[in-house]
There are 2 protein chains.
Amino acid sequence: MTLISEAGSERGTVTQLRAYLAQAELPEDGRLPPERDLSEALGVSRTELRKALGTLEAEGQIWRHVGKGTFVGSRPIDTFADLTALAKRTNPAEVMRARLIIEPEIARAAALTATPMHIAEMRTCQARTREAATWRQYENWDNRLHRTIAEAAQNTPLLGIFDTLNALRRAVTWGRLRSTPVKPRPDHHSFTEHDAIVDAIANRDMNGAAAAMRAHLQTVERNLLDRQSAPGE
Amino acid sequence: MTLISEAGSERGTVTQLRAYLAQAELPEDGRLPPERDLSEALGVSRTELRKALGTLEAEGQIWRHVGKGTFVGSRPIDTFADLTALAKRTNPAEVMRARLIIEPEIARAAALTATPMHIAEMRTCQARTREAATWRQYENWDNRLHRTIAEAAQNTPLLGIFDTLNALRRAVTWGRLRSTPVKPRPDHHSFTEHDAIVDAIANRDMNGAAAAMRAHLQTVERNLLDRQSAPGE
DNA sequence: AATCCAAACCAATACTGAATTGGTTGGAGA
DNA sequence: TCTCCAACCAATTCAGTATTGGTTTGGATT
């Protein structure tokens, strides 16, 4: 073997792969055969094939994933909608900060676009939180209230973002359940704060809605931190 | 079986169920035993139990799903975990509106938390957009600039949200690529607008950063709409 | 000494078939 | 008519197995 063939061994495999990709009939999803098969088909060692695949991947021609396979084209756009992966890299404080940044703006938008039906549903959720006999029920209606506000913004991507944040919150807080089985006290801070938010939205007061939501979340944040610093409450 | 028990059979089962729900120790997810077991445990026929469960479901106390089971609380929101599903329900205008709501707040947060390294990277991206020889290169560095701003906010969930929005934008705009192969003109609006954003962040001017980002996105939105109303540009 | 290769191993994913579960139907019986 | 029971249905879950890209190891080649 000459100097050239030696020096170009990897490049050779790359061009061979390129030719294969141009010629081969790939299935609908663009998946190409597993490395073990492909290396045999091309008459190359798996090591060498993997190096070539590596350069092609660096070029963005293909993408790979353990257990899934190797595919032509660019990686599909599911990106990091994967909550569990995100949840592992973050913590409740960060999620809370993100909520503080996002949700007031959602409330602001909702103040502009909410329909009477939305507002009526918000009031219903409010009433239900007050009637709640357990914390579970309370949180249930609290969630629903916040989501109704997000729905009132009438923006699909925004609603998706809200859901993502919400799911993230649950994933991160998972395992730290409210221990007390009693129901929320009638003077629970959220009641008046929720009132302020919904009232502002009903009055089409965008700044007020944003401010009320921010104030509410800040209270929630304070409670969260307190509970962390003094566990067992 | 007496007349009373017969006449009140269903109502009786409902109250019996209510008592069960109040007393029973339910697992974390609020799932209650399968109908077949529960009917035996309560000493009721499955038919009757199902009627009672039906009324409780109508009241919103529980929710059921084939194969999953029966759960207390209200039906969880079907979150669009999948971006492609979300992309099908929305449109460029909505995505643009969502960006207008979210990204200024990200810029505001970035103004507070950006490190000198972040700012330096922003300036680099800026320079690269000016040097770009093609629209593709320009958009590449433009994307990177916006993402650096999101990184500078130093909040994992926020960055995830930004990526989601970005992926959504690409998914929705997919197919309508910029046809002109020429490079951006030196007086392209984005240049000065990007300057304003980065300057504000560097000056720790939170309101300024948010305003500049909003102004920038509004210009982008206007261009987008213009292009829609006059296709082919 | 440096590479390369084949095999084994690893962890993530896909796949497959059985079991579970809410929903439905049909017949027996009161 | 109504209830009950059993069987059945379709959606979902679950557990075990097979694939698959990624990594390590030991030996062979140069």
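Protein chains get the first letters and strands the later ones, always in sequence-line order, with residue 1 at the start of each.
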### Message
Taking only side-chain N and O atoms of B:His65, does any of them lie within less than 4.0 angstrom of OP1 or OP2 on C:dT21?
### Response
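For C:dT21, OP1/OP2 do not have a side-chain N/O of B:His65 under 4.0 Å.
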Whole angstroms only, please: what is the [atom1]-[atom2] distance between [X] and [N]?
| X | N | atom1 | atom2 | answer |
| --- | --- | --- | --- | --- |
| B:Leu49 | C:dT24 | CG | P | 15 Å |
| A:Arg64 | C:dA12 | CZ | P | 17 Å |
| B:Lys68 | D:dA11 | NZ | P | 12 Å |
| B:Ile62 | C:dT21 | CD1 | P | 15 Å |
| A:Leu38 | D:dT20 | CG | P | 12 Å |
| A:Arg50 | C:dT3 | CZ | C1' | 17 Å |
| A:Glu35 | C:dT13 | CD | C1' | 15 Å |
| B:Glu57 | C:dT21 | CD | C1' | 14 Å |

### Task
Name the residue closer to the 5' end of DNA chain D, choosing between A:Arg31 and B:Arg31 according to the nucleotide with the nearest heavy atom.
B:Arg31
### Task
Can you label the angle between the B:Trp63 ring and the B:Phe71 ring as parallel, tilted or perpendicular, going by 30° and 60°?
parallel
### Task
For B:Glu59, enumerate each residue passing the salt bridge (Lys or Arg N to Asp or Glu O under 4.0 Å) test, keeping only those at least two apart in sequence or located in another chain.
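Salt bridge (Lys or Arg N to Asp or Glu O under 4.0 Å) list for B:Glu59, sorted by chain: B:Arg18.
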Would [X] and [Y] pass as an ion pair if we require N to O under 4.0 Å?
| X | Y | value |
| --- | --- | --- |
| A:Glu151 | A:Arg147 | yes |
| A:Glu94 | A:Arg97 | no |
| A:Asp29 | A:Lys68 | no |
| A:Lys51 | A:Glu48 | no |

Just the table, please: protein N/O against nucleotides 4-7 of chain D N/O, every pair under 3.5 Å.
from, atom 1, to, atom 2, distance (Å)
D:dC4, OP1, B:Glu48, OE1, 3.4
D:dC4, OP2, B:Ser45, OG, 2.8
D:dC4, O5', B:Ser45, OG, 3.4

### Summary
Per nearest nucleotide of DNA chain C, the residue lying toward the 5' end, B:Pro34 or A:Gly67, is A:Gly67
### Message
Within a 6.0 Å radius of atom CZ on B:Arg144, are there more than 12 heavy atoms belonging to other residues, nucleotides or ligands?
### Response
no
